[in-house]
J.: 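Just passing along the structure, written as C-alpha cells.
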Protein chains: 2
Amino acid sequence: IEKFFAKLREIAKQIEKTAKDDPRRLIHSLKVGVALTLVSLFYYCQPLYRSFGVSSMWAVMTVVVVFEFSVGATLGKGLNRGMATLVAGGLGIGAHYLAMVAGKTCEPILIGLFVFLQAVASTFIRFFPKVKARYDYGMLIFILTFCLVAISGLRSDEIIEIARKRVLTILVGALTCVVVSVFIYPVWAGEDLHLLVAQHLDKLGHFLEGFGERCLRTIEESDNLVGLNTVLDSKSREEILANFARWEPGHGKFMYRHPWKQYLKIASLTRQCASRVDSLNAYLNSKSHAPKEIQGIISSMSRESGKALRELSLAVETMTRPSPYPNCHVSSLKAASKNLNSLLKSELWGEHANLLQVIPVAAV
Amino acid sequence: IEKFFAKLREIAKQIEKTAKDDPRRLIHSLKVGVALTLVSLFYYCQPLYRSFGVSSMWAVMTVVVVFEFSVGATLGKGLNRGMATLVAGGLGIGAHYLAMVAGKTCEPILIGLFVFLQAVASTFIRFFPKVKARYDYGMLIFILTFCLVAISGLRSDEIIEIARKRVLTILVGALTCVVVSVFIYPVWAGEDLHLLVAQHLDKLGHFLEGFGERCLRTIEESDNLVGLNTVLDSKSREEILANFARWEPGHGKFMYRHPWKQYLKIASLTRQCASRVDSLNAYLNSKSHAPKEIQGIISSMSRESGKALRELSLAVETMTRPSPYPNCHVSSLKAASKNLNSLLKSELWGEHANLLQVIPVAAV
C-alpha cells in the first residue's frame, strides 16, 4: 500500500508539472468538455433526437476527433473533414446509383470494385508530400465516407436520407469545435510560432553571452546547453506550427497572409547558427586552449553577437524593425572579426557570416 | 485545354516519382484495398449482416483508420484501439447503470456530468509526454467510446447488445489490418530505422571523403551537402520510427527486444558529428585558407574519418562487430590529430572526439 501511495504522489506531481508547463492545457481540456456537452444536446433534447436519431453519434465523434489544441489545427481538421465528407458523400451516392443501373447481380461486384479502386488511389495520393502536409486527414475521411456510403447502399434504401443526416450532424460537430476553440480562450498556432522563433533567438544570444564569459574563466555551466539543444532540435515542431498557422484567419496583430514562411527561414538560420555555436562550444570543452590574445577576441565577439541576437529577438517579438543598435554590434563584430582573421584564419567566420544573414531576413 | 494537359502530365510525373521513391507505397495502397474488401464482406454476406447489422460499419471504419504504412504503426494503433474500446465500453456501461439507479430525472444530468468529467480528465492526460508518445490514439478512442456508450444508453435499452456488436466488429477490423499488414509484404519500421542509421553514417563518411579532396583542390560540389542536411534534420523521423519499432514483434534478424534506444543514440551522435562537419565545411567555404601544411593534414584526416565512418556504417548494416580495420583508421587519425594539435590548437578536435564516441556505441 506504501507503493500505491508513492505511485499516486508521482502521478499528482506529473499532473502539476503538465499544468504548470502550459496552463492553457487545462483550459483546453475544459473546452473539450464544454464542446462535448454541447454536442450531446442532440441526445438530451427530444425534438432534436427525433429528427436525427442514431446519426447524432456522428456529431459526438466529430467533436472528439476534430478538436485540437490550437485554432489552426482545429480549423484545418474541421475544414478537411467537412469538405471530404461532402465530396465523398456525393461520389458515394453516385457510385451507388451507377451500380444500381447495372442490375441486381452486378451491383455488389461493381460496388466492391469501386471501393477497392478508390481505396488504392486515395491511399496512394496520401503519399504525395503536399497532400500529406495539409490534406492527410481529409483523404482519410474521404476514403472512410466513400466506403461507408457506397457499401451501405447495398443494404439500405434510404441512402440519401442517411447521407443527409450524417453530413448535417458532422457539420454541426465541426462547427461546434471551431466556435468553441476560437471564442473561448483561443490558442493560436501562429502566435506560438512567433514567440518560439523569438525565444530561440534569445536563447542563442543568452548562450553566446554566457559563452563569452566562460571563454575567460573556466566555469562549468551546462544549463544553457540544454537551451542550445532545444534550438537545434526544433525543426519539426516549427514546421508543424507553421502548417497550422496557415489555416488560421487573421487576428489581432497578425494580419491575413502573415509571412509564416519567413518565420521558418529565420528559424532555420537560427538552427544553423546554433550548430556553429555548438561546435565552438565543443572546442572550448576540449581544453586545448588557444593563446590568450585570441581567446580575448573570441570572448568579446561572442558577447557582442549574443547581445545583437537578443536585440533581434526582441525586435521579432515586438514586430518592430531592429533598432540601429544591433547593427552597431554587428559593425563592431565585423571589425573584431577582421582583426581575428588576420591573427588566425578564424573559425568564427562561419558563425559570423551566418549572423549577417540573419539580419536581412529579420528586417523583412 | 493545353493547360489541363500540362497539369495532367505534372500529376502523372508526381505519381511516378512517388512510386519510384519507394515502391512499397504502391504495395501498401493495394494492401489497404484488400483489407477494405475483406472487411466489406460483412455487408455482402447475408448471414453476417443479419447478425451484425449497422455495426458492420465499425469494421470498415477501423480498417480505414488503423491501417498504417509500417507493421509497428498498425500494431500500435490496433492494440490501442482494441484496448481502449474494451475498457471505455466497460466503464461506459458502468456509468449507464450507475445513472439508472439514480432515477429517471437525475439520469441525464449524471450522464452529462460523467461525460464532461471524463472528457476533461482524458484530454488532460493526453498531454503527459509518455502517454502522448505511445497511447495518444488509445486515449482518443477511449473518450470517443465512453461518450458514445454512455450517451447512447439514454436512448436505447439494448446498450449491452450494441456494445457487444461494436466491440466484436472493431476487433475483427483491427485483426484484419494486423494480419494483412504482417503477412503481405510487411514493412517493418525497425528495419527502416536500421537502414536509415546505417545510411546516415555512410552519407557522413561519403561527405567527409569528398571534403578531404575538396580541401586541396577547389571543386564546387553541393550534392553531398544535401545529404548532410538530411542527416542533420533526421531526428524526428528517427524517433517516430523507433516508437513504431517498439510495437513490432521479433522477426528475421531482429530479435525480440532489439536495442532500438541504442540506434537512437548512434543516430544522435551521427547528427552531432554532422553538425561539426557542417561547421568545418562553412569554414572551407569562407575562403580564408589555412597554411598548406595544415590543409594537407585536415584533408587526410577527413578522408580517413570518412573511410572509418563508412566501415562503421557497413558494420551496422550487416550487424557484425566492426572489423579492426576502422580502428586502424582511428589510430592513424589520433596520430594525425596530435600532430595537427601541436601545429594549431585544432578545430578538428571536436569532430574527432566525437568519432571516438561513436565507436564504442556501435560496438554494443
Side-chain angles (χ1 to χ4, degrees), chain A residues 14-15 18-19 22 25-26 28-30 32-34 36-37 40 43-44 49 54 57 60-61 64-65 108 112 115-117 119-121 123-124 127-128 140 143-144 147-148 151-152 154-155 232-233 235-236 272 275-276 278-280 282-283 286 288-290 341 345-347 349-350 353-354, chain B residues 14-15 18-19 22 25-26 28-30 32-34 36-37 40 43-44 49 54 57 60-61 64-65 108 112 115-117 119-121 123-124 127-128 140 143-144 147-148 151-152 154-155 232-233 235-236 272 275-276 278-280 282-283 286 288-290 341 345-347 349-350 353-354:
Chain A
Q14 174 108 55
I15 293 177
T18 309
D22 195 343
R25 287 173 177 167
L26 207 62
H28 171 71
S29 306
L30 289 172
V32 173
V34 169
L36 262 180
T37 310
S40 40
Y43 282 88
Y44 301 139
Y49 190 76
V54 202
M57 176 182 87
V60 174
M61 214 140 84
V64 173
V65 178
V115 166
F116 180 77
L117 287 180
V120 173
T123 310
F124 190 73
F127 284 114
F128 292 3
L140 189 81
I143 304 177
L144 183 64
C147 291
L148 286 186
I151 299 182
S152 299
L154 284 176
R155 291 291 167 182
L232 279 173
D233 293 333
K235 183 181 160 88
S236 65
Q272 270 185 37
S275 131
R276 300 271 190 282
D278 191 37
S279 310
L280 263 178
Y283 166 70
S286 74
S288 58
H289 287 300
N341 214 0
K345 313 293 173 180
S346 124
E347 66 262 63
W349 242 113
N354 227 291
Chain B
Q14 173 108 57
I15 292 176
T18 309
D22 195 344
R25 286 173 177 167
L26 208 61
H28 171 70
S29 306
L30 290 172
V32 173
V34 169
L36 261 180
T37 310
S40 41
Y43 281 90
Y44 300 138
Y49 190 76
V54 204
M57 176 182 87
V60 174
M61 215 140 82
V64 173
V65 178
V115 167
F116 180 78
L117 288 180
V120 173
T123 309
F124 190 73
F127 284 114
F128 292 2
L140 189 79
I143 304 178
L144 184 64
C147 290
L148 285 185
I151 298 182
S152 298
L154 283 176
R155 291 292 169 180
L232 279 173
D233 293 334
K235 184 182 162 86
S236 66
Q272 270 184 37
S275 129
R276 302 271 190 282
D278 190 38
S279 309
L280 262 179
Y283 166 69
S286 73
S288 59
H289 288 298
N341 216 359
K345 314 292 177 184
S346 126
E347 65 262 62
W349 243 112
N354 228 290

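Naming convention: chains lettered A, B, ... in sequence-line order (proteins, then strands); numbering from 1 in each chain. All heavy atoms count here, side chains included; hydrogens, waters and symmetry mates do not.
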J.: Can you see which heavy atom on A:V60 is nearest to which on B:I151, and at what distance?
T.: CG2-CD1, 4.5 Å

J.: Could you report the tightest heavy-atom contact between B:S29 and A:V120, atom names first, then the distance?
T.: CB-O, 3.4 Å

J.: Which bit of A:L144 comes within less than 4.5 Å of chain B, counting heavy atoms only: side chain, backbone, both or neither?
T.: both

J.: Check A:V32 against B:A119 and note the closest heavy-atom contact, atom names and distance.
T.: CG1-CB, 4.4 Å

J.: Does A:L117 have any side chain to side chain contact (heavy atoms under 4.5 Å, CB included) partners at least two apart in sequence or in another chain, and if so, which?
T.: A:L113

J.: Evaluate the side-chain contact (heavy atoms from CB on, under 4.5 Å) criterion for residues A:L36 and B:F116: first the C-alpha distance (whole Å), next the side-chain angles of each, then the deciding distance (0.1 Å), finally the verdict.
T.: CA-CA 7 Å; A:L36 262 180; B:F116 180 78; over 6 Å; no

J.: What option among A:M57, A:R25, A:M61 has the most heavy-atom pairs under 4.5 Å with chain B?
T.: A:R25

J.: Which answer fits B:L30, side chain, backbone, both or neither, if we ask what part of it has an atom under 4.5 Å from a heavy atom of chain A?
T.: both

J.: What residue in A:I15, A:L26, A:I143 has the most heavy-atom pairs under 4.5 Å with chain B?
T.: A:I15

J.: List the residues meeting ring-ring contact (aromatic ring centres under 6.0 Å, His included) with A:F127, not counting sequence neighbours, and say none if there are none.
T.: B:H28, B:F69

